[in-house]
*Asks:* 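Next up is a structure, given as structure tokens.
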Amino acid sequence: MDKKLRAGILGGTGMVGQRFISLLENHPWFEVVAIAASPRSAGKRYEEAIGGRWKMASPMPEAVKDIVVKDVSDVKSVASEVDFVFSAVDMSKDEIKRIEEEYARTGTPVVSNNSAHRWTPDVPMVVPELNPQHLEVISSQKKRLGTTRGFIVVKPNCSIQSYTPALHALREAGFMPKTVVATTYQAISGAGKTFKDWPEMEGNIIPFIGGEEEKSEQEPLRIWGHIEDGVIVKAESPVITTQCIRVPVLDGHTAAVFMDFEEGKKPSKEQIIKIWREFKGLPQELNLPNAPKNFIQYLEEDNRPQVTLDVNYENGFGVSLGRLREDTVFDYKFVGLSHNTIRGAAGGAVLIAELLAAKNYITAK
């Protein structure tokens with residue numbers, strides 16, 4: 001890419017917004033030129049607006065410290081400075097839907113970390129390795145929005161990243177799970193928290209995360225859906241049931257998964273592991289800047305994957321699997337792990353933007 005695309009970040013002062021800024025430091029294709037947030041941050045230098053609330057392990061990039069934060073509601077002003085935006089705004093679902101569509105209608109592509117548009121029929125919800133073909137629905141969305149350039153693409157919930165790629169790889173190989181039971185053990189950063197913010201989580205487990213189980217059961221079906229008459233129609237199978245539990249871990253969502261296959265179509269353990277290890281998607285074929293070279297790793301040790309050892313696999317963009325074995329009730333069970341704020345949130349959105357740029361959906365204005 002001869003010249004970097006100008007990126008804006010909506011909701012740039014929150015935890016996901018900070019992760020965007022951290023991930024985009026020295027990005028070969030994108031440059032952060034605009035940051036927008038709530039009116040209370042508007043008009044302040046980014047460093048001043050953050051104050052003591054920088055939550056990333058790495059220091060705040062020098063390049064963004066003096067950017068003057070804009071009011072996220074000043075759509076035309078923000079849009080005039082950028083080629084596209086990442087969205088991590090903290091608003092009600094209806095407000096997010098409205099403002100993301102406002103940005104899209106200015107001719108500004110929106111790559112969203114938010115859940116508001118995940119079930120909008122003509123908005124693709126994408127994991128780049130799994131369903132890049134859903135980007136084709138963008139042409140229908142543009143017609144609805146009345147724009148030739150702007151559109152919205154969203155990433156799915158962070159909780160599904162630790163097991164959906166494993167199931168997808170098997171589906172692609174012709175082995176279709178029919179029933180899936182998954183329990184996810186989810187890090188506190190998924191709630192935008194650190195232990196400093198949420199000391200009561202130390203040594204604690206909370207067996208409820210609002211709305212998470214519904215997302216975990218339904219969003220994989222949308223990823224496996226098909227385009228029909230300009231909208232995405234979700235898949236009918238497999239049947240998925242989940243429990244989602246908050247655990248005292250900073251980063252990394254772990255899933256314990258059970259799965260059944262159709263009668264007579266059960267693969268061997270060796271087949272499954274080979275399929276996982278060899279699976280590649282379009283990001284690997286295109287050699288996108290943040291595409292993990294090996295998307296899925298399978299670990300043989302009985303005590304892996306572990307958050308402390310494996311959460312940063314492939315810089316947090318990969319998925320770690322282990323403990324595949326036959327079960328007394330289901331055909332197989334296994335454990336998955338993914339980085340919830342990199343692969344599962346901001347990093348997943350950055351990878352989507354890289355795919356969009358590589359396929360010329362995002363270009364310089």
Side-chain angles (χ1 to χ4, degrees), residues 19 23 113 125-132 155-173 175 177 180 182-187 189-190 215-216 219-220 223-224 238 240 242 244 247 249-259 269 271-286 288-301 303-325 332-352 354-355:
R19 179 67 77 179
L23 287 170
N113 183 74
M125 181 179 71
V126 175
V127 177
E129 287 89 351
L130 308 191
N131 62 328
K155 53 150 288 298
N157 196 47
C158 54
S159 66
I160 75 169
Q161 313 279 342
S162 53
Y163 59 91
T164 304
L167 301 175
H168 181 85
L170 296 172
R171 288 170 62 94
E172 287 290 290
F175 298 108
V180 176
T183 299
T184 57
Y185 303 89
Q186 300 186 203
S189 58
K215 295 173 188 176
S216 299
E219 288 186 13
I223 285 172
W224 294 322
I240 304 173
T242 67
C244 298
V247 295
V249 167
L250 179 60
D251 293 314
H253 287 357
T254 300
V257 184
F258 299 79
M259 58 184 177
K269 179 179 177 180
Q271 283 177 305
I272 293 173
I273 293 172
K274 186 173 187 290
I275 289 165
W276 284 344
R277 285 177 168 163
E278 294 180 356
F279 178 76
K280 294 184 185 301
L282 191 55
Q284 286 71 41
E285 293 174 20
L286 296 173
L288 299 179
N290 279 298
K293 183 177 179 182
N294 298 301
F295 180 31
I296 297 173
Q297 69 167 341
Y298 182 81
L299 301 158
E300 300 284 355
E301 298 92 332
N303 64 350
R304 302 281 287 278
Q306 290 182 33
V307 169
T308 55
L309 298 177
D310 303 308
V311 73
N312 290 311
Y313 168 63
E314 290 280 17
N315 297 315
F317 283 86
V319 175
S320 299
L321 305 176
R323 299 209 70 209
L324 176 68
R325 61 233 191 263
Y332 287 104
K333 52 191 171 186
F334 68 91
V335 175
L337 169 68
S338 62
H339 197 304
N340 57 294
T341 67
I342 299 181
R343 167 55 74 164
V350 170
L351 194 60
I352 290 171
E354 291 172 359
L355 177 60

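The first residue of the sequence shown is numbered 1, and numbering continues consecutively from there.
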*Asks:* Working to the nearest 0.5 angstrom, can you tell me the gap between Lys269 NZ and Tyr332 OH?
*Replies:* 8.5 Å

*Asks:* Can you tell me how far apart CG (Leu324) and CH2 (Trp276) are? Round to the nearest 0.5 Å.
*Replies:* 4.5 Å

*Asks:* Between Asn131 (side chain only) and Met125 (backbone N and O only), is there a donor and an acceptor less than 3.5 Å apart?
*Replies:* yes

*Asks:* Verify side-chain contact (heavy atoms from CB on, under 4.5 Å) between Val127 and Thr164, making sure each step is shown before the conclusion.
*Replies:* CA-CA 10 Å; Val127 177; Thr164 304; over 6 Å; no

*Asks:* So His168 and Trp224, would you call those rings parallel, tilted or perpendicular, with 30° and 60° as cut-offs?
*Replies:* parallel

*Asks:* Could you report the tightest heavy-atom contact between Pro177 and Leu167, atom names first, then the distance?
*Replies:* CG-CD2, 4.1 Å

*Asks:* Nearest 0.5 angstrom please: Glu354 CD to Leu286 CG, how far?
*Replies:* 10.5 Å

*Asks:* side-chain contact (heavy atoms from CB on, under 4.5 Å) between Glu285 and Lys280: does it pass, once the steps are laid out?
*Replies:* CA-CA 8 Å; Glu285 293 174 20; Lys280 294 184 185 301; 5.6 Å; no

*Asks:* Can you measure from CZ (Arg304) to OG (Ser320) and round to the nearest 0.5 angstrom?
*Replies:* 8.0 Å

*Asks:* Mind listing the closest non-hydrogen atom pair of Leu351 and Ala291 along with its distance?
*Replies:* CD1-N, 3.7 Å

*Asks:* Are the side chain of Gln161 and the backbone N or O of Cys158 linked by a donor-acceptor pair below 3.5 Å?
*Replies:* no

*Asks:* At what distance, to the nearest 0.5 angstrom, does CE of Met259 lie from OH of Tyr163?
*Replies:* 13.5 Å

*Asks:* Kindly indicate whether the side chain of Pro238, heavy atoms from C-beta on, has any atom under 4.5 Å from the side chain of Arg171.
*Replies:* yes

*Asks:* Less than 4.5 Å apart, side chain to side chain, heavy atoms only: is that true for Pro128 and Leu282?
*Replies:* no

*Asks:* Side chains of Phe258 and Thr183: does their closest heavy-atom pair fall under 4.5 Å?
*Replies:* no

*Asks:* Measure the shortest side-chain to side-chain distance between Ser159 and Gln186 over non-hydrogen atoms and say whether it is less than 4.5 angstrom.
*Replies:* yes

*Asks:* Identify every side-chain donor-acceptor pair in residues 338-348 under 3.5 Å, counting partners at least two apart or on other chains, and give the distances.
*Replies:*
| residue | atom | partner | partner atom | Å |
| --- | --- | --- | --- | --- |
| Ser338 | OG | Ser162 | N | 3.4 |
| His339 | ND1 | Thr341 | N | 3.3 |
| His339 | ND1 | Ile342 | N | 3.3 |
| Asn340 | OD1 | Gly252 | N | 2.6 |
| Asn340 | ND2 | Ser189 | OG | 2.9 |
| Thr341 | OG1 | Arg19 | NE | 3.2 |
| Thr341 | OG1 | Arg19 | NH2 | 3.0 |
| Arg343 | NE | Phe317 | O | 2.9 |
| Arg343 | NH1 | Glu129 | OE1 | 2.9 |
| Arg343 | NH2 | Glu129 | OE1 | 3.3 |
| Arg343 | NH2 | Glu129 | OE2 | 2.9 |
| Arg343 | NH2 | Phe317 | O | 2.9 |

*Asks:* When rounded to the nearest 0.5 angstrom, what is the spacing between NE2 in His253 and CG in Asn157?
*Replies:* 7.0 Å

*Asks:* Would you check, one step at a time, whether the test side-chain contact (heavy atoms from CB on, under 4.5 Å) holds for Val307 with Thr254?
*Replies:* CA-CA 8 Å; Val307 169; Thr254 300; 3.9 Å; yes

*Asks:* Which pair of heavy atoms, one from Val257 and one from Ala182, lies closest together, and at what distance?
*Replies:* CG2-CB, 4.2 Å

*Asks:* So which heavy atom on Arg277 is nearest to which on Tyr298, and how close?
*Replies:* NH2-O, 3.0 Å

*Asks:* Apply side-chain contact (heavy atoms from CB on, under 4.5 Å) to Phe334 and Ile272, showing your working.
*Replies:* CA-CA 11 Å; Phe334 68 91; Ile272 293 173; over 6 Å; no

*Asks:* Compare all side-chain heavy atoms of Ile296 with those of Leu321 and state whether any distance is below 4.5 angstrom.
*Replies:* yes

*Asks:* Any idea which heavy atoms bring Ile160 and Pro156 closest together, and the distance?
*Replies:* CD1-CB, 3.7 Å

*Asks:* Checking Tyr313 side chain against Asn294 main chain: does a donor-acceptor pair fall under 3.5 Å?
*Replies:* yes

*Asks:* Kindly give the heavy-atom pair with the smallest separation between Val311 and Leu337, and that separation in Å.
*Replies:* N-CD2, 3.8 Å

